[in-house]
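Counting convention: from 1, in listed order, for ligands and their atoms alike.
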Amino acid sequence: MKIVEVKPILIDRYLFVSVTTDTGIVGLGESGVWGFLEASAEVIRKFGDYLIGKDPLKIEHHWQYLYRATHFKGAVIMGALSAIDIALWDIAGKHHGVPVHALLGGAVRDRVRAYHHTFGSTRADIVEAIKAAKDAGFTAVGHLTPFLDESRDVPYSATHVHKISDAIDAVGQYRDAVGHDVDLCIEIHRRLTPAEAVELGNGIAQFRPLFYEDPVMMDNIDDMAYVANKIDIPIATGERYTSLWDFAMLLRRDGAQYFRPDVCLVGGITGAKKIAALAEAHHIGIVPHNPLGPISTIACTHLAAAIPNFTIQEYPSSTWSSFVNRPSESALINGSAEHDGHGYLVVPQEPGLGVSLKESAAEEWPYRPRPVDARLHVDGSVVDQ
Ligand SMILES: [Mg+2]
């Protein structure tokens, strides 16, 4: 079996890849570098020049070759490598007639716990979204910010005491809205300094969040470790890391209790499985990062089914479509991840990833390039949100 075509496919806000073999098998993958998909598509084309004519089943070899052929790394390249790696696992599953999780050692669980995305530009909107998630059967909610999902057009301003006190109050309201039936995954989106992050982390500990995500920018692992060592709630981080070695450094510094590898950014299923094993040796839980498209969701679900230290899966499907005007997963692919109505995703049993791209998807949902768009403070400086 040989690869005959490697094609990047830009749809709506996503970059997929299809890898086709001379036996007619088509593998699908997705790139996670959502800010720079055009650049990642070009890298996929360049990687395609190498892959044409190669045996698609030599997944690890191709991974090593593409990663180590040059000394250049980073998100754009790793997004492309991840997309191709996922597509090769899809081909391998289809070739052998088994789901991808069977190739990873077999499913260790029957279903995959998922957290529902919540959005809202007001406190009341977010509280309603949390209640709706509970009513829909979810036992956890995430993308849950105490700072609100305010428009980036609105300049940000708050005194320190308002910033911290209002955020603590918000998390208290979120807890009151659902009692102990729903876990809260608190998302800070890198907005705080280490000192602020310690103050807020200690302030919300009373509400027992499942984790406290990206309280500070993740560029400096020592800063994350500083916060982790001064608070009594677990930190989750890693969504922007691009390799096993980034997570190895995070581990060495005790920077987090939950790792958030993005399957579409850390080298695909090959990279994510290794990161999960690294974490497993230290009883660290895996929370796959997935604010992306349906190929990402299904790839995460196969990984989650097969790793013992999986904690919970990000599942944005139903909220993306209503809040940010994106297509639903089932509008783009056949066989998308399925919520069982009780907060879990069904483990797919079809060969490969078990999905295919809808022929009409590219036409119905043309690519929408993402603008460079940051929120500003009232003083004109950049705010992380
Ligand atoms: Mg996040």
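For E239, the N/O/S atom at the shortest distance from the Mg ion (ligand 1) is named OE1. Its N, O or S atom nearest to the Mg ion (ligand 1) is what matters here, and for E213 that atom is OE2.
The closest donor-acceptor contact from the side chain of H101 to the backbone of P348 lies under 3.5 Å. In terms of modelled atom types and a separation under 3.5 Å, the side chain of D90 and the main chain of L353 share a donor-acceptor contact.
The Mg ion (ligand 1) has an N, O or S atom of E187 under 2.8 Å away, backbone or side chain.
In this structure, R191 is positioned above the aromatic face of Y156, its NZ or CZ under 6.0 Å from the six-membered ring centre and within 45° of the axis.
Annotation: Y174 is not in aromatic contact with F207 [ring centroid separation under 6.0 Å not met].
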